[in-house]
Amino acid sequence: MHIVEHLIAGRWSAGGDVSTVIGPHAGAPVANFPAATPHEVAAAVAGARAAQPDWAATAPAARADALRAAATAVEQATGELARTMSAEMGKPEAEAAGSIAAGVGTLRQYAELGQLHAGRTLAGDLGATDLMVREPRGVVAAITPWNDPVAISCGLLGAALVTGNAAVSKPSERTPATGWLLTRTLAPHFPPGVLSMLAGGAPTGAALAESAVDVVAHVGSTATGRAIAAAAARTGAKALLENGGCDPLIIDTGVDPAWAAQQAALGAFANAGQICVAVERIYVHADVAEEFLAALVKEAAAFEIGPLVDLRHRSAVHGQVVDAVDRGARILTGGTIPEGPGAWYPPTVLTDCTDEMRVVETETFGPVAPVVTVASFDEALSRATRSPYGLAATVLTPSMSNAHRAWRQLETGTVKINAVFGGAPGGAAHPRRGSGQGFGYGPELLDEMTATKVVHLESPPGGW
Ligand code: NAD
């Protein structure tokens, strides 16, 4: 059982009401964590504010060295971090270790890219010097979710710290011990106060978003992102939002149905569907629908997943399935809550779905594949585009002209053709609509964490 503490201005402490994380595998307690009060939030932000100028004045190469050393420490702590992440949110330990390796890789990338992240000189009057310089924004609040807690935190914190900001991390109340272990591993590599951590849930996050920070970076649900954007509008902080999605998968005529089913299962069921870019709705061409559905049912039966994060989330996922059935969907496999402890839920395939069902219209964030049969590729494209979200989309098609049309027409940050996951390193997109704003990852996150200043430098008349 972990006992989580806050890190405020370089000191560990445990104020606030205590809650317990119940593990989703067997329903046993995993961690106790306190909820930081508004007073503690203010103290962490003040500590960060006090520590930031010296950190900003530290040579970029020295900041990069600190981040590199922190990355190695996280790598060495992989075993304990993976066990804790798995116990708190259900991801199998081997997958948790893989996502920690991704976080370590991100820290190392930012260590290298951070010291190269510079401005430029302008072609001005020869009697003057004109520059565009990058400066840290100041104090960055990083408010993060539970579904990939280490990799996401490493991205935001790495980019914030290497560019000379101080950071206040607020991990999810569903993975507080993972966030606390990560902070314990990272913090010794930075001067006291440069990295702080506050445990707690929505009220702590809201207090941090309302506080005197310069950037609020949030990865999480759309509803929370909107509340944070409103808070940032009041304080003048910059809001950086990577929020929910309801990603479509379009399956064109002429596609091998067995392969399409493998892709659909991977997209919908990996991490028990708890991935921001999971496949949330499937539009399949009538020509291949029957064979595709039969193959998808087989894939679902063979797909091994961990439990959902907790019972509350399982009820929400199951509620969407029940709502769809009430409105005419048919369950082809799964769709029932298993007996016994834990938050398990089976890979589920629904057919006869319509766009009006909640399971199609909004994010489910569970192992559910709702299938809509369409008469044409064009119909699939226009229905896929009609969405309050704009995170990512996948198209499976043998037609190059349909592929070209699709990537131009889909109004999402990311479009993947003929592979449900994948993409080159360094690819970063702008999410659209309810899916957020700004670059939440990739080299461009360094731009978000800094402010550009234009300098015009001229000698005074008669000066020397
Ligand atoms: P969430 O928004 O409920 O919680 C995320 C963080 O926000 C937590 O730390 C939480 O305590 C905090 N929070 C909650 N209410 C708040 C408030 N009013 N003010 C300030 N902070 C508040 O999201 P979640 O359930 O933890 O995560 C799942 C969601 O995250 C899904 O919607 C998923 O799509 C999204 N997600 C998006 C990406 C992406 O890159 N776009 C990546 C991972 C997860």
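For ligands, and for the atoms within them, numbers begin at 1 and follow the listed sequence.
The main-chain N or O of D252 is never found under 3.5 Å from a side-chain atom of Y283 such that the two would form a donor-acceptor pair. Panel note: side chain T78, backbone E75; a donor-acceptor pair is recorded below 3.5 Å. At distances below 3.5 Å, at least one donor-acceptor pair connects side-chain atoms of N165 with backbone N or O atoms of A160.
The protein non-hydrogen atom at the shortest distance from atom 27 (O) of ligand 1 is P145 CB, 3.3 Å. Nearest protein neighbour of atom 8 (C) of ligand 1, counting heavy atoms only, is T144 O, 3.2 Å. In terms of protein heavy atoms, atom 4 (O) of ligand 1 is closest to H218 NE2, 4.4 Å. Nearest protein neighbour of atom 35 (C) of ligand 1, counting heavy atoms only, is G220 O, 3.3 Å. The closest protein non-hydrogen atom to atom 15 (N) of ligand 1 is A202 CB, 3.3 Å. In this structure, atom 40 (O) of ligand 1 lies nearest to the protein heavy atom E242 OE1, 3.1 Å.
In terms of polar-atom proximity, T222 is not counted as a contact of ligand 1, lacking any N or O under 3.5 Å from an N or O of the ligand. Checked by distance only, ligand 1 and E363 come closer than 3.5 Å through their nitrogen or oxygen atoms.
Aromatic ring orientation, F190 versus W55: perpendicular (interplanar angle above 60°, classes split at 30° and 60°).
The closest approach between a heavy atom of S172 and any atom of ligand 1 is below 4.0 Å. At least one heavy atom of V219 lies less than 4.0 angstrom from ligand 1. Judged by the shortest distance from any of its heavy atoms, T204 lies outside the 4.0 Å radius around the atoms of ligand 1. Residue contact annotation: Q274 has no non-hydrogen atom under 4.0 Å from ligand 1.
Remark: E88 does not engage K91 in a salt bridge, criterion side-chain N to carboxylate O under 4.0 Å. One finds a salt bridge joining E448 and K238 here, because a Lys/Arg side-chain nitrogen approaches an Asp/Glu carboxylate oxygen to under 4.0 Å.
Among all heavy-atom pairs drawn from A199 and T204, the shortest one is O-CG2, 3.7 Å. Of all heavy-atom pairs spanning G16 and P34, the tightest one is O-CB, 4.0 Å. Closest approach of A166 and G193 over heavy atoms only: CB-O, 4.3 Å.
Counting the atoms of ligand 1 from 1 in the order shown, those under 4.0 Å from a heavy atom of N243 are 37 (C), 39 (C), 41 (N). For ligand 1, the atoms closer than 4.0 angstrom to any heavy atom of G205 are 19 (N), 20 (C), 21 (N). Atoms of ligand 1 found under 4.0 Å from any heavy atom of W146, numbered from 1 in the order shown, are 24 (P), 25 (O), 26 (O), 27 (O). Atoms of ligand 1 found under 4.0 Å from any heavy atom of I143 (numbered from 1 in listed order, with element): 6 (C), 7 (O), 9 (O), 12 (C), 21 (N). In the vicinity of K170, heavy-atom distances shorter than 4.0 Å reach the ligand 1 atoms 8 (C), 9 (O), 10 (C), 11 (O). Using a 4.0 Å cut-off to heavy atoms of N147, the atoms of ligand 1 that qualify are 43 (C), 44 (C). Distances below 4.0 Å separate heavy atoms of E173 from the following atoms of ligand 1: 8 (C), 10 (C), 11 (O). The distance from ligand 1 to the heavy atoms of S221 drops below 4.0 Å at these ligand atoms: 1 (P), 2 (O), 3 (O), 23 (O), 29 (C), 30 (O), 32 (O).
Between N271 and M89, the closest side-chain pair of non-hydrogen atoms falls below 4.5 Å. Between Q263 and K416 the shortest side-chain heavy-atom distance does not fall below 4.5 Å. Here the side chains of D326 and M357 are not in contact, with every heavy-atom distance at 4.5 Å or above.
Looking at I275 against ligand 1, nothing comes within 4.0 Å, counting heavy atoms. For L391, every heavy-atom contact with ligand 1 shorter than 4.0 Å involves the side chain, none the backbone. For P171, every heavy-atom contact with ligand 1 shorter than 4.0 Å involves the backbone, none the side chain. At a heavy-atom cutoff of 4.0 Å, ligand 1 is contacted by the side chain of F365 but not by its backbone.
Atom 22 (C) of ligand 1 has its nearest heavy-atom neighbour, among T224, I228, D247, T414, in T224. By heavy-atom distance, the residue among C276, P431, A206, P203 lying nearest atom 38 (C) of ligand 1 is C276.
Side-chain contact of N243 with S435: a donor-acceptor pair under 3.5 Å is absent, judged by distance alone. In this model, a donor atom of one side chain and an acceptor atom of the other lie less than 3.5 Å apart for T452 and R134.
F421 pairs with exactly one of V279, T394, I275 by the side-chain contact (heavy atoms from CB on, under 4.5 Å) rule, that one being I275.
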